[in-house]
There are 2 protein chains.
Amino acid sequence: MKTIENSPLTQKLSAFVALSEVELAALERLHQRRRSFVAGRDMVHQGQSAQAAYILSKGWVCSYKLQPDGTRQIVDFQVPGDFLGLRSVLLRTSDHSFEPIVDIEAAEVLTVDLLDAFAQTPRLATAILWAASRDEAMVVEHLVGIGRRDADARMAHFLLELGSRLALVGMGGKEGFECPLTQYHLADALGLSAVHVNRVLRQLRECGLVTFRDSHVTFHDYQGLVTLAEFDATYLDQTGPLLK
Amino acid sequence: MKTIENSPLTQKLSAFVALSEVELAALERLHQRRRSFVAGRDMVHQGQSAQAAYILSKGWVCSYKLQPDGTRQIVDFQVPGDFLGLRSVLLRTSDHSFEPIVDIEAAEVLTVDLLDAFAQTPRLATAILWAASRDEAMVVEHLVGIGRRDADARMAHFLLELGSRLALVGMGGKEGFECPLTQYHLADALGLSAVHVNRVLRQLRECGLVTFRDSHVTFHDYQGLVTLAEFDATYLDQTGPLLK
DNA sequence: CGGCCATTTGACACCTGTCAATGTCTGTGG
DNA sequence: CCACAGACATTGACAGGTGTCAAATGGCCG
């Protein structure tokens, strides 16, 4: 049981819903089928509704869509504690691919097990649906960022969001966080060219706002970044009508 | 019953799932609480999970997110047959606003009624969940478009998608469709300035591809547009594991 | 040591935004 | 019926943000 209390997903959910022993046990059950995947090789997820989802426990993943012309757009990143393909279990989902950015560990969750857990522990269901709606809010915010923010603000916003998400699972704070992404990942996610990502990072660094180097993000002026990005984290925690 | 057989939602769902009398009756029941809204005034939807959804039967709506700096990003448009706030009933959803673009008519759907219908007619549930996942696929495709297509291709892709959606409810085809959007709407949706939208439209027109004028879109060279936009409609119909 | 990958930098082109002005149409009020 | 205001569409000039191309640098690993 110790393992589960330390699992990133448990940490994340606990931040928003107080989980009882029963619910922790249900979470434990979901974590049974451990699997691992190596970096770079796609875990192709065709979006068939009967398929399994994964709970990412270690490592980073990105979900992306390939264009006919060869470019790709990264739709979202998954960090420890995040679901992978959750929507393809709840709903059917669009065709995008999943690529592990580093070697990862994840728990495979069968649809039936998930529905079982939902039926038996409604509070857990609520918590997980909260996580799903939060993921969706992030995609929308991502859309807004690409459509209406310039490159600097976009980058700042992205790093702040990532920081907030990682903070929830104890992997970062207002000082910074470990980040295995390459500048190409950033480019594909933010709708920029890799060259311009580099320029933007340099500028943010020279302004004393944030440093991205050697797989580590360091915030030097958190408030300054927030201002530049017009970052408003409410879409991330949604501290509204949640279970107390 | 006649009314329902003609409803846009019925048309849309029928294209993918053969609906029986029982299912049509259930759809009928969902259409009971008719309401109308006037153009321009927001139907604010805060995303509380207990709230109702709407089935749009006439007119156009856009869902958008406002930025602190005053700009806005339109996330999606809804046309007749589309759900409005469906996800805020199924999941919790992010905070965006809904604005009727013209005077609209819609049926209010209470959460309980929807869940009732789901419980009693699983095929209808499947069909509606299909519609929801299609909406989500469109948001993702929208993200890809803004991130990775230039203005011309973005516009072409957008118009083609809209045409396909409207064709499903008998409001358009490969020749064109009625479209009440202003160039400002296009700008806010595509992440462009209104001025540039105008330039792009002119260019597409002068290339003999498509005309957007007087609230009417006319395709002059459908295949040419498809090529320019690299438009692949599979994400729209998802003719995969569906009920036959 | 020799590739390979990620990062970095500069030069240059061009796509797109901004500013400003004009044109068109519609509805309103005189 | 005409004058006018307001919303939307259109156009031109110009600036600036980003993409592209090319090359150099540096770290890692076989």
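Per chain, numbering begins at 1; letters A, B, ... match sequence-line order. Worth saying up front: this structure is predicted, and the values here are computed from it rather than measured. What's counted below: heavy atoms across the whole structure, side chains too, no hydrogens, waters or symmetry copies.
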Send over the distance from [X] [atom1] to [N] [atom2], rounded to a whole Å.
{"X": "B:Leu186", "N": "C:dG17", "atom1": "CG", "atom2": "P", "result": "13 Å"}
{"X": "B:Gln203", "N": "D:dT11", "atom1": "CD", "atom2": "P", "result": "13 Å"}
{"X": "A:Met155", "N": "D:dT18", "atom1": "CE", "atom2": "P", "result": "11 Å"}
{"X": "A:Ile146", "N": "C:dT16", "atom1": "CD1", "atom2": "C1'", "result": "17 Å"}
{"X": "B:Asp214", "N": "C:dT24", "atom1": "CG", "atom2": "P", "result": "13 Å"}
{"X": "B:Leu190", "N": "C:dG17", "atom1": "CG", "atom2": "C1'", "result": "15 Å"}

Minimal non-hydrogen separation, B:Lys12 against B:Gly81, with atom names: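 Closest approach of B:Lys12 to B:Gly81: NZ-O, 3.1 Å.
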So do the side chains of A:Gln183 and A:Leu201 get within less than 4.5 Å of each other, counting heavy atoms only?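 The answer is yes, as the side chains (C-beta and beyond) meet within the 4.5 Å cut-off.
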Side chains of B:Phe37 and B:Asp103: does their closest heavy-atom pair fall under 4.5 Å?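 No, their side chains stay 4.5 Å or more apart.
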Letter by letter from the 5' end, nucleotides 4-15 of chain C scores (B base, S sugar-phosphate only, - none; protein heavy atoms under 4.0 Å) ---BBBBB----
Categorize A:Gly191 for me: base, sugar-phosphate, or nothing, with a 4.0 angstrom heavy-atom threshold over every strand shown.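 Sugar-phosphate only.
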What do the steps show when you test A:Val61 against A:Tyr54 for side chain to side chain contact (heavy atoms under 4.5 Å, CB included), and what is the final call? CA-CA 11 Å; A:Val61 178; A:Tyr54 295 90; over 6 Å; no
I'd like a table of donor-acceptor pairs (distance under 3.5 Å, sequence neighbours excluded) in which one partner is a side-chain atom from residues 160-172 of chain B, with atom names and distances.
from, atom 1, to, atom 2, distance (Å)
B:Glu161, OE1, B:Tyr235, OH, 2.4
B:Ser164, OG, B:Leu160, O, 3.1
B:Arg165, NH1, B:Phe77, O, 3.3
B:Arg165, NH2, B:Phe77, O, 2.7
B:Arg165, NH2, B:Asp82, OD2, 2.6

Indicate the ring-plane relationship of B:Trp60 and B:Phe177, choosing parallel, tilted or perpendicular according to the 30° and 60° boundaries.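 Judged by the thresholds at 30° and 60°, the geometry between B:Trp60 and B:Phe177 is parallel.
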